[in-house]
There are 2 protein chains.
Amino acid sequence: MHPDSSSNSGIKKAPTQFGKRGMSLEDELNESNQYYLSHGIAVVHKKPTPIQIVKVDYPKRSAAVIKEAYFRQASTTDYNGVYKGYYIDFDAKETKRKTAFPLDNFHDHQIRHMKACIASKGICFTIIKFVEIDQIFLLSATDLFYFWDRQKNGGRKSIPLSYIKENGYLINYQLNPLIPYLNAVDKLLIKKHEGEQHAN
Amino acid sequence: MHPDSSSNSGIKKAPTQFGKRGMSLEDELNESNQYYLSHGIAVVHKKPTPIQIVKVDYPKRSAAVIKEAYFRQASTTDYNGVYKGYYIDFDAKETKRKTAFPLDNFHDHQIRHMKACIASKGICFTIIKFVEIDQIFLLSATDLFYFWDRQKNGGRKSIPLSYIKENGYLINYQLNPLIPYLNAVDKLLIKKHEGEQHAN
């Protein structure tokens, strides 16, 4: 979990570590989604990596072998699914930065995709893990757009951790699921409904 | 469109063909989804084929090349996305059969996935193209489950076209989008809401 801070481990008392050492945020989310699925709470999957297949061999009596293929850039976010009838859609990003989340973790097409999902009334967000401080936050896509659009007009190239702490939702590791991000989605939904009521 | 019926083409007057010759149902749906996306109507994508990557070369000064990989079985359906705030999830299947849709087009895990999505209040269905009669239908997942579960208990191994005509929704080709399947989803949603009102 703390690849660069192991030299501190003998000095301070280590906090309880639910996140497993060496597990990537992706692995942790896949395990959490498996928990949500097996408990009938939500159906969320990571999409497969898109591959451009060029050459396939079909050997006799065995499975087809892809012999030449290339990675393609995804045109969407990595995760989507359904929770309580809501369409949820998100990306998960890790950063080693300690005080801000760099916006170059995102691509234009991912932002475009999330804006399109929100226009069709989907629930979009990003899950950001600050690896060095071992903290995970859920940040709504509209907060992300705010910084993204300002960056396009010459604004700062990252979202301050202080902003994320204030406007996002801290997700504490627990045992099952490892990353209980749907609790944060519940808070996001409450805030969204309150906003809609104020708008009426 | 009619790979096996071209010998008839000189006898009967061909009906207007919006579906492009040689286009697979997948291509037709991708084109339709592109139309829905670019017009802000819905965000629906086909998921990439899942691949198990075994060996990757990283040549200097050029893109990584996958040198050995295998096709994996998908654990979900092929298409999902968001429409008017609804999570929609479906598979698309073609059959050359003329009077029934064989259930062996589906796998257990796809049915399980659709049942899980419905438990989380998603909208699930299948799009079936009868290639020989050039007709496309949307059939709700609950209708599919009805036949699937009966088959497991020794029932028939296919869904009769007559049942699909009566309980599904015919989707006529048009120009834009080529397969206007969201019109059928609208009808499905109306029927679903009527059912919920009767239940209350």
Side-chain angles (χ1 to χ4, degrees), chain A residues 30 33-34 36-59 62-89 112-124 182 192, chain B residues 30 33-34 36-59 62-89 112-124 182 192:
Chain A
N30 288 347
N33 285 333
Q34 190 51 49
Y36 284 135
L37 178 64
S38 63
H39 287 72
I41 297 165
V43 184
V44 180
H45 290 279
K46 182 174 186 295
K47 293 183 190 172
T49 308
I51 303 284
Q52 179 72 47
I53 296 168
V54 175
K55 193 177 155 210
V56 185
D57 274 9
Y58 297 92
S62 61
V65 191
I66 297 161
K67 289 294 210 179
E68 185 185 349
Y70 298 89
F71 294 101
R72 283 191 302 151
Q73 205 177 47
S75 55
T76 66
T77 48
D78 275 351
Y79 300 84
N80 74 356
V82 60
Y83 170 55
K84 293 180 182 170
Y86 293 100
Y87 172 82
I88 66 172
D89 191 297
R112 258 201 311 275
H113 169 72
M114 286 196 275
K115 287 185 173 177
C117 288
I118 283 185
S120 280
K121 299 189 182 169
I123 307 297
C124 297
L182 291 179
K192 191 175 171 288
Chain B
N30 288 347
N33 285 333
Q34 191 51 50
Y36 284 136
L37 178 64
S38 63
H39 287 72
I41 297 165
V43 184
V44 181
H45 289 278
K46 183 175 187 294
K47 292 182 192 174
T49 308
I51 303 283
Q52 179 72 47
I53 296 169
V54 175
K55 193 178 155 208
V56 184
D57 275 7
Y58 297 93
S62 61
V65 190
I66 297 162
K67 288 295 209 178
E68 185 185 349
Y70 299 88
F71 295 100
R72 283 191 302 152
Q73 206 177 45
S75 55
T76 66
T77 47
D78 276 351
Y79 300 85
N80 75 356
V82 59
Y83 170 55
K84 292 181 183 171
Y86 293 100
Y87 172 81
I88 66 172
D89 191 296
R112 258 201 312 276
H113 168 72
M114 285 196 276
K115 286 185 174 176
C117 288
I118 283 184
S120 281
K121 301 190 180 168
I123 307 298
C124 296
L182 290 179
K192 190 174 171 289

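Letters A, B, ... are given to chains in the order of the sequence lines, protein chains preceding strands, and every chain is numbered from 1. Note that this is a predicted model, so its numbers are computed, not measured. Hydrogens, waters and symmetry mates play no part in the numbers below; they use all other heavy atoms, side chains included.
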Item to check | E68(A) side chain reached by V65(B) side chain, heavy atoms, under 4.5 Å | outcome: yes
Item to check | Proximity breakdown for I41(A) and chain B, heavy-atom pairs closer than 4.5 Å | outcome: backbone
Checklist outcome for this item: Closest non-hydrogen contact found for S120(A) with A42(B) is OG-CA, 3.6 Å
Next on the checklist: Is K84(A) close to chain B through its backbone or its side chain, or both, or neither, when contacts mean heavy atoms under 4.5 Å?
Outcome noted: backbone
Item to check | K67(A) atom NZ: more than 12 heavy-atom contacts under 6.0 Å | outcome: no
Item to check | Close side-chain approach of V82(B) and D89(A), heavy atoms under 4.5 Å | outcome: no
Checklist entry - Does the side chain of T49(B) come within less than 4.5 Å of I53(A)'s, by heavy atoms? => result no
Checklist entry - Roughly how far, to the nearest 0.5 Å, is CD1 of I66(B) from CD1 of I51(A)? => result 3.5 Å
Item to check | V54(A) portion near chain B, given a 4.5 angstrom heavy-atom threshold | outcome: neither
Item to check | Over all atoms of both residues, closest heavy-atom pair of Y87(B) and G81(A) | outcome: CD1-O, 3.4 Å
Item to check | Which portion of A119(A) sits near chain B, non-hydrogen atoms under 4.5 angstrom | outcome: neither
Item to check | Heavy-atom contact with chain B under 4.5 Å, split by part of L37(A) | outcome: side chain
Next on the checklist: Using a 4.5 angstrom heavy-atom cutoff, name the option from S75(A), C117(A), G40(A) with the most pairs to chain B.
Outcome noted: C117(A)
Item to check | Over 12 non-hydrogen atoms of neighbours within 6.0 angstrom of NZ in K121(B) | outcome: no
